[in-house]
K.L.:
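This structure is in structure tokens; I'll ask about it shortly.
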Amino acid sequence: SAADPVVEVDDLTVRYGAAVALDGVALRLHAGEMVAIIGPNGAGKSTLVNAICGLLKPAAGRIAVRGRTALVPEGRQLFAPLSVDDNLRLGAWRRRDRDTSQVYHLLPELVPLRHRRAGLLSGGEQQMVAFGRALMARPDVLVIDEMSLGLAPLIIDTLAGHLRRRHAADGLAVLLIEQNARLALDLCTRGYVLEAGRVVAEGTSAELADSPAVADAYLGAA
Ligand code: ATP
């Protein structure tokens, strides 16, 4: 039904050889939600993203996704020799319709860059292309891995504004993986805290921001 989660993860365990990267993780993402996953380096955030997107096989547990996921990967992973326009079109490789006009409308900064080689763009511009490329897949679920990593505050604000606007337009379900907890809790209504492969806290963004453990570890001393 419409009330069913678009992403449902239960008791998920992922191993790399003998190392346990995720240990019994459960989460829900409902249609129209924007949900944060925060946690320190090595907590298993990228592993969780890759499992949800079907890029790696769990040792145990269940992942159910309703509809199409698109990933904005950590490190952007653009095709450096190709133009911005070609990178965007590659996001629609599963679709017949490769019209980029909606993406350029949402991300006007990319319009003057459309014929530039992606590899020559700034980090922020590349992150915008990676975002646009994911939108070209017309996803039901957008998964964003470390959008803010290494970017200046001004470009992070710009990206966050575009994401917020895109989400507001049609309630696209978003799973936002962030080391920048303040940004994540600001953008999202709910979140999960992942530490050493386990969910150690979950709640509304307000609850998480007020929880001493989260505030001390992720938001800095007030
Ligand atoms: P970061 O923010 O640093 O990317 P993360 O929260 O995304 O961290 P993961 O990259 O998912 O964490 O890593 C979780 C754990 O699994 C870490 O201990 C990491 O060293 C380990 N790990 C990740 N990928 C591999 C791999 N391909 N082989 C072996 N161990 C891995």
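Small disclaimer: the values here were computed from a predicted structure and weren't measured. Residues take their numbers from the sequence shown, with the count starting at 1. Indexing begins at 1, ligand by ligand and atom by atom, following the structure's order.
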K.L.:
Only counting residues at least two apart or in another chain, list the ones meeting side-chain hydrogen bond (donor to acceptor under 3.5 Å, both in side chains) with Arg98.
P.N.:
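Checked Arg98 against side-chain hydrogen bond (donor to acceptor under 3.5 Å, both in side chains); zero matches.
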
K.L.:
Can you name the residues that come within less than 4.0 Å of ligand 1, going by heavy atoms only?
P.N.:
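If the criterion is a heavy atom under 4.0 Å, then ligand 1 touches Tyr16, Ala21, Pro40, Asn41, Gly42, Ala43, Gly44, Lys45, Ser46, Thr47, Glu74, Glu146.
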
K.L.:
State plainly whether the residues Asp186 and Arg164 are in salt-bridge range, i.e. N to O under 4.0 Å.
P.N.:
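Arg164 and Asp186: salt-bridged.
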
K.L.:
Check whether any side-chain N or O of Ser205 sits under 3.5 Å from a backbone N or O of Cys188 as a donor-acceptor pair, and report yes or no.
P.N.:
yes

K.L.:
Under a 4.5 Å cut-off applied to non-hydrogen side-chain atoms, are Thr47 and Tyr16 in contact?
P.N.:
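Yes, their side chains come closer than 4.5 Å.
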
K.L.:
Does the distance from a Lys or Arg side-chain N to an Asp or Glu carboxylate O, for Asp10 and Arg28, drop under 4.0 Å?
P.N.:
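Salt bridge: yes.
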
K.L.:
Taking 4.0 angstrom as the limit, do Asp85 and Arg89 come out as a salt bridge?
P.N.:
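Judged by the 4.0 Å cut-off on N to carboxylate O distance, Asp85 and Arg89 do form a salt bridge.
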
